Peer 1: 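Quick one: structure below, then a few questions.
As the structure is a computational prediction, the values presented were derived from the model and not from experiment.
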Amino acid sequence: MDGGTQYNLRTVEEVFRDFKGRRAGMIKALTTDVGEFYEQCDPEKENLCLYGFPDEHWEVNLPAEEVPPELPEPALGINFARDGMQEKDWLSLVAVHSDAWLLAVAFYFGARFGFDKADRKRLFTMINDLPTIFEIVTGSAKKQAKEKSSVSNHSSNKSKSSSKPAKDEEEGLDEEDEEEHGETLCGACGENYASDEFWICCDICEKWFHGKCVKITPARAEHIKQYKCPSCSNKRARP
């Protein structure tokens, strides 16, 4: 079932890298690829699960046939609830179960490869420094970031500045930029802001995205009057 399974994750860093890859795939399913994910979760089908893989792709599929499975199982039957509740509530529910599954998989590897108390604590700390999928899907991660920074105003003011600061001033601005944007999270991959990366904000949901995650280059952004992220572009009336 898990095409990306490699049981050579001997260190905390390797298990964390595996966690981040699976997490990124599931975030894509619930944000940028939400239209495709919605369609695949047909309530008329059998018990379906959402899987995330280390190479950052996702898959909706039946549970593993072997008993017990090689890895802990994701929540079964996510498709059955799809039409019985509001779409945003359903996506939030899937997100919560996805968070629980990711933790289960990470600590399964930790137990399997004999991580001691210190390693388990370090692994959890690394995981806990990232926002949960639930926080990203519901937008609470963005709200928390807004409480600590004024990203839009800062970006607007910076873009209007025509004079280039002196080197010492520029270094100071970079530090300020990192501090002010540090809590901003990409709506696609959930990673933090970095000053050397191009970002774009959706004019509909006001979420920020890495340009590379939504396939928008700085040159292309110059010609976009109103940017809609993939999630907002895919939204349509649900019965």
Side-chain angles (χ1 to χ4, degrees), residues 1-5 16-64 69-106 108 127 130-142 185-192 200 202 204-205 207-216 228-238:
M1 169 59 64
D2 192 347
T5 298
F16 181 60
R17 189 160 54 246
D18 179 273
F19 172 92
K20 285 181 68 178
R22 296 176 190 277
R23 172 179 172 274
M26 300 179 102
I27 289 172
K28 285 178 184 176
L30 298 170
T31 57
T32 56
D33 298 345
V34 68
E36 182 183 351
F37 172 67
Y38 185 94
E39 293 300 330
Q40 289 191 26
C41 291
D42 186 346
E44 298 300 319
K45 295 181 179 178
E46 300 178 58
N47 266 313
L48 293 175
C49 305
L50 172 61
Y51 290 89
F53 296 91
D55 63 357
E56 300 189 7
H57 85 273
W58 60 273
E59 177 182 272
V60 172
N61 211 329
L62 297 170
E70 280 292 309
L71 291 179
E73 291 264 279
L76 298 175
I78 57 172
N79 52 312
F80 296 147
R82 190 194 75 176
D83 295 344
M85 56 200 306
Q86 292 289 326
E87 181 180 343
K88 65 177 182 178
D89 294 332
W90 174 67
L91 291 173
S92 298
L93 180 64
V94 175
V96 168
H97 284 293
S98 298
D99 283 319
W101 179 69
L102 287 172
L103 276 175
V105 171
Y108 167 86
I127 290 172
L130 296 173
T132 64
I133 298 178
F134 175 80
E135 288 173 333
I136 291 173
V137 169
T138 60
S140 58
K142 177 67 177 177
L185 305 168
C186 175
C189 70
E191 295 299 316
N192 283 43
I200 189 166
C202 175
I204 306 302
C205 66
K207 289 182 181 179
W208 286 81
F209 299 86
H210 289 110
K212 63 184 179 181
C213 289
V214 291
K215 298 181 175 61
I216 299 291
K228 286 186 181 182
C229 69
S231 179
C232 290
S233 297
N234 288 333
K235 280 184 179 177
R236 57 187 184 281
R238 303 293 188 195

Peer 1: Between Trp101 and Pro72, is there a donor-acceptor pair closer than 3.5 Å when you use the side chain of the first and the backbone of the second?
Peer 2: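 The answer is yes, because a donor-acceptor pair under 3.5 Å joins these two groups.
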Peer 1: List the residues meeting ring pair (Phe, Tyr, Trp, His ring centres under 6.0 Å) with His97, not counting sequence neighbours, and say none if there are none.
Peer 2: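 Listed in chain order: nothing, the list is empty.
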Peer 1: Answer whether the closest heavy-atom distance between the side chains of Leu185 and Glu135 falls below 4.5 Å.
Peer 2: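 Leu185 does not reach Glu135 side chain to side chain.
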Peer 1: With a 4.5 Å limit on heavy-atom distance, are the side chains of Cys189 and His210 in contact?
Peer 2: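 In short, these two side chains touch, coming nearer than 4.5 Å.
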Peer 1: Quick one: closest heavy-atom pair of Cys205 and Cys202, and the distance?
Peer 2: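 Distance-wise, the nearest heavy atoms are N-SG, 3.5 Å.
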Peer 1: Is it true that Arg23 and Glu191 have a side-chain N and a carboxylate O under 4.0 angstrom from each other?
Peer 2: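 The answer is yes: the pair qualifies as a salt bridge.
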Peer 1: Could you check if a side-chain atom of Leu48 sits within less than 4.5 angstrom of a side-chain atom of Phe80, using non-hydrogen atoms only?
Peer 2: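 No, side chains not in contact.
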Peer 1: Are Cys213 and Thr32 side-chain neighbours, meaning at least one heavy-atom pair lies under 4.5 Å?
Peer 2: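 Sidechains of Thr32 and Cys213: no contact.
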Peer 1: In Å, rounded to the nearest 0.5 Å, how long is the span from CH2 of Trp58 to OH of Tyr51?
Peer 2: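 Reported value, rounded in 0.5 Å steps: 14.0 Å.
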Peer 1: So which heavy atom on Ser231 is nearest to which on Thr31, and how close?
Peer 2: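 Shortest heavy-atom separation between Ser231 and Thr31 comes out as CB-O, 3.4 Å.
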Peer 1: Just verifying a value: how many Å separate Asn61 CG and Gln40 CD, rounded to the nearest 0.5 Å?
Peer 2: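 Output value for this atom pair is 9.0 Å.
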Peer 1: Considering all heavy atoms of both residues, which atom of Glu73 and which atom of Pro63 are nearest to each other, and what is their separation?
Peer 2: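 Smallest interatomic distance, heavy atoms only, reads OE1-CB, 3.0 Å.
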Peer 1: I'd like to check Ile216 versus Phe209 (side-chain heavy atoms, cut-off strictly below 4.5 Å). Are they in contact?
Peer 2: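 No; the side chains remain at least 4.5 Å from each other.
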Peer 1: Does the side chain of Leu30 come within less than 4.5 Å of Phe37's, by heavy atoms?
Peer 2: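 Touching, per the 4.5 Å side-chain cut-off.
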Peer 1: When rounded to the nearest 0.5 angstrom, what is the spacing between CG in Leu62 and CD in Glu46?
Peer 2: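 If I round to the nearest 0.5 Å, the distance is 5.5 Å.
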Peer 1: Please check if the side chain of Asp99 supplies one atom and the backbone of Phe134 the other of a donor-acceptor pair under 3.5 Å.
Peer 2: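 Answer holds: yes.
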Peer 1: Nearest 0.5 Å, please: how far is CG in Asp42 from CG in Asp83?
Peer 2: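 Result: 8.0 Å between the selected atoms.
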Peer 1: Taking atom CZ of Arg82 and atom CH2 of Trp90, what is their separation to the nearest 0.5 Å?
Peer 2: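 Rounded to the nearest 0.5 Å, the CZ-CH2 separation comes out at 6.5 Å.
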Peer 1: To the nearest 0.5 Å, tell me how far His57 NE2 sits from Arg22 CZ.
Peer 2: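 That separation rounds to 10.0 Å.
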Peer 1: Using modelled atom types only, decide if a donor and an acceptor are shared between the side chain of Asn79 and the backbone of Cys41 within a distance under 3.5 Å.
Peer 2: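 Judged by distance alone, no pair lies under 3.5 Å.
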Peer 1: Quick one, Ile133 and Ile27 - any side-chain contact, counting heavy atoms below 4.5 Å?
Peer 2: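 Yes - at least one pair of side-chain heavy atoms lies under 4.5 Å apart.
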Peer 1: Below 4.5 Å, heavy atoms only, C-beta onward: do Leu76 and Cys49 meet side chain to side chain?
Peer 2: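 Heavy-atom side-chain distance check passes, below 4.5 Å.
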Peer 1: Looking only at heavy atoms, which two atoms of Val34 and Glu87 are closest? And how far apart?
Peer 2: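 Heavy atoms of Val34 and Glu87 come nearest at CG2-OE2, 4.1 Å.
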